[in-house]
There are 2 protein chains.
Amino acid sequence: MSAKITIHDVARESGVSIKTVSRVLNREPNVKADTRDRVQAAVAALNYRPNISARSLAGAKAYLIGVFFDNPSPGYVTDVQLGAIARCRQEGYHLIVEPIDSTGDVEEQVAPMLATLRMDGVILTPPLSDHPVVLAALEREGVPYVRIAPGDDIERAPWVSMDDREAAYDMTNHLIGLGHRDIGFIIGHPDHGASARRHQGFVDAMRDANLPVRQDRVEQGWFSFRSGFEAAERLLGGSDRPTAIFASNDDMALGVMAVANRMRLDVPAQLSIAGFDDTPGARITWPQLTTVRQPIAAMAGAAADMLMSGVEHEEGEPPPSRLLDFELVVRESTGQAPG
Amino acid sequence: MSAKITIHDVARESGVSIKTVSRVLNREPNVKADTRDRVQAAVAALNYRPNISARSLAGAKAYLIGVFFDNPSPGYVTDVQLGAIARCRQEGYHLIVEPIDSTGDVEEQVAPMLATLRMDGVILTPPLSDHPVVLAALEREGVPYVRIAPGDDIERAPWVSMDDREAAYDMTNHLIGLGHRDIGFIIGHPDHGASARRHQGFVDAMRDANLPVRQDRVEQGWFSFRSGFEAAERLLGGSDRPTAIFASNDDMALGVMAVANRMRLDVPAQLSIAGFDDTPGARITWPQLTTVRQPIAAMAGAAADMLMSGVEHEEGEPPPSRLLDFELVVRESTGQAPG
DNA sequence: ATGAAAGCGCTAACAA
DNA sequence: TTGTTAGCGCTTTCAT
């Protein structure tokens, strides 16, 4: 184990005080270029790295960002982590991951952690973005947070999102453009704010095209493969079938695909299927899934940025926010309507 | 923001010195039961939580465990995190996740992080479990680590694994028991130690059943859907086809399934397909995949345990290790051999 | 069984 | 532009 070298070693090596070393490390002004160079040379020569515990104990920053998630769609969580870390690394921040079980005692899981860790900020992923106990604990402990894709109470705190309504609107129009007039829709998990927005986009597109939205064509799902499977069984069970099904996420769309396979329905010749999210699973079927690419990593990166730059939410002002672009990914599971 | 309460507040409240509070917190001996109770009451009353930075600065423990991963199969990574955290929470430890890009400068990614964070230990997931630069950096910085499913040099450091060879052996026997005599095999990513062991298990089972292992029935894959897809195209391309294909992981098995669907081969009537890992994707197809359930969360939990309990690897001794049980999960993608 | 004092390695407030 | 001095909230000696 290499002997621990501290700021004092660097100060001695470069012939300045520790405070000046500290200034250089933190990019504070009022350091002569020449001095700065000497210090940086010493840092490099000694291979010095500031101790994060000492830094956070003495100063205001902990150099720690938290990511809270629950009931993880694995791909989603991993994308969030990768996106957040990409930004954090550059600034010397690290990521603490905390799965929260919302069916358990949330307060008990969150409060002690916030008190011990004193993170600089927390990124909230759905459905935690809307969990009242989590939000309250964060506010009580004074830990800044950014919500990803929150559902309601948008004025409460900073957030990052994409336009779920418009994306669903566009996807529905894609289907309509292919000649589909009878389209089934599977709603997402009711605890996720995005679910209602995606549903709205579907309804708006149908209305704008003067197409009826039949209530027996809309099923409630839970974002799981199984719930998509079961919804598809109901949707496709009778002789009177829709020619396309738009599921609010990929997992459910894959459930629809499984039912279609089992019923020997040709996709997309007899049934078009569209998903939402562009998870890895979307390419892990045949035919590959037409879906909406969410900028998950980018959203997480933007959230990390907001946290690290210490954006403030001024009382009475709308909170800082970012709306990122989505992308329609048309693959093989959607095609011309039959007939 | 609730005012920060410190060990001094607790000491005052319970009428003892901060050292005694510290003793209680760390479960040190030599505290009168009565005193201990008073302190614990004060901790509860004040809702006190020790500051992790102060603790790790003053003491030896950081209460931080790292998880390194690369090129993540999302489900795998999430399982590892959940498994590790479940144990860490009880002991007041937290998880730092660090994706490592092994195609980049690994030393540069790992060394500064180890120096700043001074974690109590690191959990290495494949293929990082065998990455020489990562191992060397860890050892140089004196950070203990546990390797999950390492490939070689098993004596070097503590590890947790499952018996990949035996699992592949059992799966191959399952296929043989179904009457298959001509079985294709897709090898996993060569950087993952498990790949060779799974291949070996296949070969051993074939030998033990006096079945030939034809070289044109064994394809090299990379653990990706695409590589499984391409291997299956080669395996199934001619008129002389195997009646079953055993892929070294689920993603590749799903690639085989896609080729079978495209060729209108009935699974399992005309072709049996087996995977390995039991990722969520295994249930997200139809027919559902017969596979091997890896105890991923349990392996990560065991690794976290070893790290937190500070197991030492004595010079000249074999390192501490755990071999966990797997489980054959027979679903619908395997069946009687045709004819 | 308990406590006093001395740091851990930094940043912050204030001098110079 | 630079340095000095005090802590941050704990754990660790070492007394008692």
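Residue numbers start from 1 in every chain, and the chains themselves are labelled A, B, ... in the order their sequence lines are given, proteins ahead of strands.
Note: CG (B:Leu57) to P (D:dC8) measures 13 Å, nearest angstrom. In this entry the distance linking NE2 of B:His8 with C1' of C:dA4 reads 11 Å, nearest Å. Atom-to-atom, CG of B:Asn51 to C1' of D:dG9 comes out at 6 Å; the value is rounded to the nearest Å. The interatomic distance linking A:Ile7 (CD1) with D:dC8 (P) rounds to 19 Å, in whole Å. Atom CZ in B:Arg12 sits about 16 Å away from atom C1' in C:dG3, given to the nearest Å.
For the OP1/OP2 pair of D:dG9 and a distance below 4.0 Å, the side-chain nitrogens and oxygens of B:Thr6 include no atom meeting the criterion. Residue A:Ser22 has no polar side-chain atom (N or O) positioned under 4.0 Å from OP1 or OP2 of C:dC10.
Minimum atom distance to the side chain of B:Val31 is reached by C:dT2, of the listed C:dT2, C:dG9, D:dT4. For B:Asn26, the side-chain atoms get nearest to D:dT11 when compared with the rest of D:dT11, C:dG3, D:dG9. The nucleotide whose nearest atom lies closest to any side-chain atom of B:Asn30 is, among C:dT11, C:dT2, D:dC10, C:dT2. Here D:dC10 is the nucleotide among D:dT2, D:dC10, C:dG9 with the atom lying nearest to any side-chain atom of B:Arg55. Between C:dA12, C:dC8, D:dG7, one nucleotide has an atom nearer to the side chain of A:Glu28 than all others, and that is C:dA12. In the set C:dC10, C:dG3, C:dT11, C:dG3 carries the atom at the smallest distance from any side-chain atom of B:Thr20.
Side-chain to base pairing of B:Arg23 with C:dG3: one donor and one acceptor N or O lie within less than 3.5 Å of each other.
Using a 4.0 Å heavy-atom cutoff across all strands shown, B:Tyr63 reaches no nucleic acid atom at all. Among the atoms of the strands shown, none is found under 4.0 Å from any heavy atom of B:Leu25. Residue-level contact check: B:Lys19 touches the bases, meaning some heavy atom is under 4.0 Å from a base atom. B:Thr35 comes within 4.0 angstrom of the backbone, heavy atoms only, and of no base. B:Ile18 comes within contact range of at least one nucleobase, with a heavy-atom separation under 4.0 Å.
Side-chain N or O atoms of B:Glu98 include none that pairs as donor or acceptor with a backbone N or O of B:Val67 at under 3.5 Å.
Side-chain N/O atoms of B:Glu91 and B:Tyr63 include no donor and acceptor closer than 3.5 Å.
Classification of A:Glu13 and A:Arg38 as a salt-bridged pair fails, no side-chain N sitting under 4.0 Å from a carboxylate O. One finds no salt bridge joining B:Glu141 and A:Lys4 here, because no Lys/Arg side-chain nitrogen approaches an Asp/Glu carboxylate oxygen to under 4.0 Å. B:Arg322 has no carboxylate O lying under 4.0 Å from a charged side-chain N of B:Asp305, or vice versa, which leaves the two without a salt bridge.
The residue among B:Ala60 and A:Ser17 whose nearest nucleotide of DNA chain D is located toward the 5' end is A:Ser17.
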